[in-house]
Student: 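Structure below; questions to follow.
Since this is a predicted model, take the numbers as computed values, not measurements.
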Amino acid sequence: MPFPIVNSIISWFLKKRKHQMELFIKYPIDVQNELLFKLLYKAKDTEIGLKYKFETIKSYQEFANKVPIQTYESFEPLIDRTRKGEQNVFWPTPIKWFAKSSGTTNAKSKYIPVSEEALEDCHFKAGKDMLCLYINNNPEAQLFTGKGLRLGGSSAVYEDNNTYFGDLSAIIIENMPFWADFSSAPKQETALMSEWETKMTAIVNETIDEDITSLVGVPSWMLVLLNRVLEKTGKNNILEVWPNLEVYFHGGVNFNPYREQFKKIIPKKDFKYFETYNASEGFFAIQDVNHSLDLLLMLDYGIFYEFIPMDAFNDENSVAIPLSKVQLNVNYAIVITTNGGLWRYLIGDTVKFTCLEPYRIRITGRTKHFINVFGEELIIENAENALKQACVKTGAEVSEFTVAPIFMTENKTGGHEWLIEFKRLPKNINYFTELLDNALKANNSDYEAKRYNNLTLAMPKINIARNELFYDWLKKQGKLGGQHKIPRLSNSRNHLEELLSLN
């Protein structure tokens with residue numbers, strides 16, 4: 001069958017899903033409430049369901065009163081038992097897959113349960129919806145005349161006690177239907193290679209002669225791959241290698257620090273960037289409008305949402321609110337209850353709502369990745385916005401960065417110390433520092449107050465990182481690829497000191 005016909009048929013099937021999305025867009029609270037009681041009913045005879053008497057819960061408020069909010073640490077004993085072979089602990093259907101995650105760059109690994117329902121009704125469904133929303137926005141799309149280049153994690157799937165664990169991307173690739181694998185590159189055995197450097201070389205060699213029409217992966221690692229493609233081929237930009245490339249589906253980290261680098265490497269005015277928001281715990285939101293920074297919260301993936309205002313956040317002791325009570329432009333921590341058996345689980349991300357009809361969000365950071373040593377309450381969104389503003393005004397480009405506090409001493413004011421790896425250096429680092437400081441003040445009134453007359457916070461200190469410092473740091477820790485990310489902000493100096501020692 002000719003490729004244009006295949007493209008038309010697949011596009012038609014994907015577009016049909018848009019009508020189902022309109023149901024949760026029109027009746028979001030009804031859809032979420034119905035979902036909650038389906039989850040409670042399904043798990044009523046599990047160990048956790050019997051413990052909290054799921055069968056007796058008749059309202060959201062009863063659910064919130066009876067079932068405590070959980071972190072990974074508090075839920076881990078139940079997960080550990082399931083990994084050792086016990087079933088029906090927190091979910092009734094057998095769980096044999098576990099997504100291994102390090103969160104960001106924490107040393108301790110997390111093992112997130114992935115049920116068959118989570119795979120089918122969340123992750124795979126989201127993958128189809130991502131394409132559906134893109135095609136509905138771009139009816140001229142020709143995605144299926146070529147292949148999608150997927151850049152997943154660096155781990156294969158390992159067996160332990162008749163259960164399997166690995167990167168979520170590896171688990172998804174292992175379970176993909178054959179037709180999805182057929183339209184993807186590289187082939188499955190390459191995508192699942194464990195050694196990251198070898199895998200990158202193999203992907204480059206395998207894909208440079210393919211007709212790649214889309215890219216899927218984390219921006220930081222995708223940039224590494226695309227630069228290696230250019231090194232291998234000697235071309236000036238990626239369109240000289242893959243002329244039919246039309247869209248990049250990205251997620252995992254904020255795209256803003258990487259946007260200009262992608263525009264240079266893919267110099268196409270009508271090239272599309274579509275953001276997704278997914279994690280080992282589930283798939284949460286998808287960009288549903290071209291050229292938008294907002295993500296549509298997907299309400300029918302087997303995930304019930306609650307939110308904790310960050311100004312009242314207190315880990316498991318926090319009070320959460322349902323979707324019906326959220327407000328615009330408030331920073332919230334997300335709590336999820338899922339068809340993978342996570343009950344009122346804090347995933348550690350923070351978001352704000354930019355629209356309530358339908359519910360659209362932007363990711364603002366992490367509950368633990370901020371700096372608040374001096375009461376400045378600096379979050380990732382503040383730091384990245386300020387950095388972008390300083391770059392625009394100086395023509396600089398940033399590859400990676402991290403920030404840590406400079407603690408006060410008897411005769412020394414505190415401050416923030418930045419370590420920045422530039423793709424293109426500003427001409428005057430002192431002027432860049434001044435612009436960054438002013439942008440931080442404009443973005444965060446608490447920071448501005450603490451900077452007043454240098455009484456609490458001094459001017460930021462900026463260290464320039466050598467080329468590939470952050471890459472070498474991750475490599476040293478065995479954390480290349482996948483969802484491994486640089487910790488942007490920290491209340492301690494541990495990461496910064498390690499990096500400075502390698503600089």
Student: Looking at CG of Leu35 and CG of Leu299, how far apart are the two atoms once the value is rounded to the nearest 0.5 Å?
Tutor: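 Rounded to the nearest 0.5 Å, the CG-CG separation comes to 9.0 Å.
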Student: Does a side-chain heavy-atom distance below 4.5 Å link Phe284 with Ile347?
Tutor: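 Yes - at least one pair of side-chain heavy atoms lies under 4.5 Å apart.
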Student: Going by heavy atoms in the side chains, are Ile321 and Tyr332 under 4.5 Å from each other?
Tutor: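 Counting from C-beta outward, Ile321 and Tyr332 do come under 4.5 Å.
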Student: Using modelled atom types only, decide if a donor and an acceptor are shared between the side chain of Asn137 and the backbone of Asp288 within a distance under 3.5 Å.
Tutor: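 At least one qualifying donor-acceptor pair exists.
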Student: For the residue pair Glu246 / Tyr134, report whether a side-chain donor-acceptor contact shorter than 3.5 Å exists.
Tutor: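 Note: Tyr134 and Glu246 side chains meet the donor-acceptor criterion.
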Student: Any non-hydrogen side-chain atom of Ile462 less than 4.5 Å from a side-chain atom of Leu436?
Tutor: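 Side chain of Ile462 against side chain of Leu436, heavy atoms only: contact under 4.5 Å found.
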Student: Are the charged groups of Lys388 and Glu384 less than 4.0 angstrom apart, N to O?
Tutor: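 Answer for the salt bridge query: no.
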Student: Below 4.5 Å, heavy atoms only, C-beta onward: do Phe98 and Ile79 meet side chain to side chain?
Tutor: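 In short, these two side chains touch, coming nearer than 4.5 Å.
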Student: Does any N or O in the side chain of Gln287 come within less than 3.5 Å of the main-chain N or O of Tyr273, such that one atom is a donor and the other an acceptor?
Tutor: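 Such a contact is found between Gln287 side chain and Tyr273 backbone.
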Student: What is the ring orientation for Trp418 with Phe401, classed by angle as parallel under 30°, tilted 30 to 60°, or perpendicular over 60°?
Tutor: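 If you compare the ring of Trp418 with that of Phe401, the planes turn out parallel.
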Student: Got a donor-acceptor contact below 3.5 angstrom from the Asp472 side chain to the Leu469 backbone?
Tutor: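 Here the side-chain-to-backbone pair does not exist.
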Student: Let's go through Lys38 and Glu34 carefully: what are the C-alpha distance in whole Å and the side-chain angles of both, what is the deciding distance for salt bridge (charged side-chain N to carboxylate O under 4.0 Å, His left out) to 0.1 Å, and is it a yes or a no?
Tutor: CA-CA 6 Å; Lys38 278 184 179 178; Glu34 183 181 346; 3.6 Å; yes
Student: Quick one: closest heavy-atom pair of Ile171 and Gly166, and the distance?
Tutor: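 Looking at all heavy atoms of both residues, the shortest contact is CD1-O, 3.8 Å.
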Student: Show, in sequence, the C-alpha distance, side-chain angles and deciding distance for Asn463 and Leu499, and conclude whether the side-chain contact (heavy atoms from CB on, under 4.5 Å) test is met.
Tutor: CA-CA 11 Å; Asn463 299 293; Leu499 283 156; over 6 Å; no
Student: Any chance you could measure Asn467, atom CG, to Ser399, atom OG, to the nearest 0.5 Å?
Tutor: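 Rounded to the nearest 0.5 Å, the CG-OG separation comes out at 7.5 Å.
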Student: So which pairs with a foot in residues 336-357 pass side chain to side chain donor-acceptor pair (under 3.5 Å), sequence neighbours left out?
Tutor: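 For residues 336-357: Tyr277-Asp349, Asp294-Thr354, Glu306-Arg344, Asp349-Arg366, Thr350-Thr364, Lys352-Glu381.
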Student: Answer yes or no: is there a side-chain heavy-atom contact under 4.5 Å between Met21 and Leu133?
Tutor: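 The answer is yes; the side chains approach within 4.5 Å.
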Student: Which atoms form the tightest heavy-atom contact between Lys100 and Asp167, and what is the distance?
Tutor: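 Of all heavy-atom pairs spanning Lys100 and Asp167, the closest is O-OD1, 3.8 Å.
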Student: Supply the atom-to-atom distance Asn205 CG to Thr190 OG1, rounded to the nearest 0.5 angstrom.
Tutor: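 Here the interatomic distance stands at 9.5 Å.
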Student: Within a strict 4.5 Å, meaning less than it, do heavy atoms of the Ile135 and Phe144 side chains meet?
Tutor: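 Yes, side chains in contact.
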Student: So Leu297 and Val351, do their side chains get closer than 4.5 Å, heavy atoms only?
Tutor: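 Answer no - side chains too far apart.
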Student: For Tyr305 and Tyr359, run ring pair (Phe, Tyr, Trp, His ring centres under 6.0 Å): C-alpha distance rounded to whole Å, both residues' side-chain angles, the deciding distance at 0.1 Å, then the answer.
Tutor: CA-CA 12 Å; Tyr305 292 98; Tyr359 286 99; 9.9 Å; no
Student: Has Lys393 got a side-chain atom pairing as donor or acceptor with Cys391's backbone, closer than 3.5 angstrom?
Tutor: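 The answer is no, because no donor-acceptor pair under 3.5 Å joins these two groups.
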Student: Does the Arg150 side chain pair with the main chain of Pro186, one donor and one acceptor, at a distance under 3.5 Å?
Tutor: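 Indeed, once roles are kept as given, a pair shorter than 3.5 Å links the two residues.
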Student: Write down the atom of Ala383, the atom of Leu440, and the distance for their closest heavy-atom approach.
Tutor: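 Nearest pair, atom of Ala383 first, then Leu440: CA-CD2, 4.1 Å.
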Student: Verify, without hydrogens or angle tests, whether Asn237 (side chain) and Leu239 (backbone) share a donor-acceptor contact under 3.5 angstrom.
Tutor: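 Checking the backbone N and O of Leu239 against the side chain of Asn237, a donor-acceptor pair under 3.5 Å is found.
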Student: Please assess Thr213 against Trp242 for the test side-chain contact (heavy atoms from CB on, under 4.5 Å), listing each intermediate value before the final yes or no.
Tutor: CA-CA 7 Å; Thr213 54; Trp242 299 315; over 6 Å; no
Student: Evaluate side-chain contact (heavy atoms from CB on, under 4.5 Å) for His495 paired with Trp473, printing each intermediate quantity in order.
Tutor: CA-CA 10 Å; His495 297 312; Trp473 181 66; 3.7 Å; yes
Student: Say whether Thr93 and Glu117, considering side chains only, have a donor N or O and an acceptor N or O under 3.5 Å apart.
Tutor: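 Indeed, the side chains of Thr93 and Glu117 share at least one donor-acceptor pair under 3.5 Å.
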Student: Rounded to the nearest 0.5 Å, what's the gap from CG on Asn503 to CG on Leu419? Could you check?
Tutor: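 The CG atom of Leu419 is 6.0 Å from CG of Asn503, to the nearest 0.5 Å.
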Student: One pair to check against side-chain contact (heavy atoms from CB on, under 4.5 Å): Leu342 and Ile112. What are the steps and the verdict?
Tutor: CA-CA 9 Å; Leu342 299 176; Ile112 305 300; 4.2 Å; yes
Student: Please determine whether side-chain hydrogen bond (donor to acceptor under 3.5 Å, both in side chains) holds for the pair Asn444 and Asn382, giving the CA-CA distance in whole Å, both sets of side-chain angles, and the decisive distance to 0.1 Å.
Tutor: CA-CA 7 Å; Asn444 184 318; Asn382 301 152; 2.9 Å; yes
Student: Is any NZ, NE, NH1 or NH2 atom of the basic residue among Arg228 and Glu197 found under 4.0 Å from an Asp or Glu carboxylate oxygen of the other?
Tutor: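 A salt bridge links Arg228 with Glu197.
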Student: For Glu400 versus Ile486, what's the shortest heavy-atom pair and its separation?
Tutor: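 Shortest heavy-atom contact: OE1-CG1, 3.6 Å.
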Student: Say whether, by atom type as modelled, one donor and one acceptor occur between the side chain of Gln142 and the main chain of Thr145 under 3.5 angstrom.
Tutor: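 Not at all, since once roles are kept as given, no pair shorter than 3.5 Å links the two residues.
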Student: Working to the nearest 0.5 angstrom, can you tell me the gap between Phe470 CZ and Thr402 OG1?
Tutor: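 So the gap between those two atoms works out to 6.0 Å.
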Student: Are side-chain N/O atoms of Asp211 and Asn244 paired as donor and acceptor at under 3.5 Å?
Tutor: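 Per modelled atom types, Asp211 and Asn244 side chains form a pair under 3.5 Å.
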Student: Check whether any side-chain heavy atom of Thr163 lies under 4.5 Å from a side-chain heavy atom of Tyr111, and answer yes or no.
Tutor: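 With C-beta onward as the side chain, the pair stays apart.
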Student: Look at the rings of Phe262 and Tyr248 and say which category their plane angle falls in: under 30° parallel, 30 to 60° tilted, over 60° perpendicular.
Tutor: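 Answer is parallel, since the angle falls under 30°.
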Student: Treating Glu275 as the side-chain partner and Leu295 as the backbone partner, does any N or O pair qualify as donor plus acceptor under 3.5 Å?
Tutor: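 Here the side-chain-to-backbone pair does not exist.
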Student: Looking at every non-hydrogen atom in both residues, tell me the closest pair between Ile371 and Ser490 and how far apart they are.
Tutor: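 Result for this residue pair: CG1-O, 3.4 Å.
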Student: Please check: side-chain N/O of Thr207 versus main-chain N/O of Glu210, any donor-acceptor pairing under 3.5 Å?
Tutor: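 Between the backbone of Glu210 and the side chain of Thr207 there is no qualifying donor-acceptor contact (under 3.5 Å).
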Student: I need the minimum non-hydrogen distance between Phe75 and Gly341, along with the two atoms involved.
Tutor: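 Residues Phe75 and Gly341, closest heavy atoms: CZ-O, 3.2 Å.
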Student: Measure the spacing between CG of Leu296 and CZ of Phe24 and express it to the nearest 0.5 Å.
Tutor: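 Rounded to the nearest 0.5 Å, the CG-CZ separation comes to 4.5 Å.
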Student: Answer yes or no: is there a donor N or O on one side and an acceptor on the other, between the side chain of Lys268 and the main chain of Leu245, under 3.5 Å?
Tutor: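 Looks like yes, one N/O pair under 3.5 Å.
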Student: For Gln327, does the CD atom have more than 12 heavy-atom neighbours from other residues, nucleotides or ligands under 6.0 Å away?
Tutor: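 Atom CD in Gln327 is not packed in, count stays at 12 or less.
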Student: Taking the basic N atoms (NZ, or NE/NH1/NH2) and the acidic carboxylate oxygens, is any pair closer than 4.0 Å for Lys264 and Glu397?
Tutor: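 Salt bridge between Lys264 and Glu397, a charged N being under 4.0 Å from a carboxylate O: yes.
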Student: Classify the ring geometry between His123 and Phe283 as parallel (under 30°), tilted (30 to 60°) or perpendicular (over 60°).
Tutor: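 Ring orientation of His123 relative to Phe283: perpendicular.
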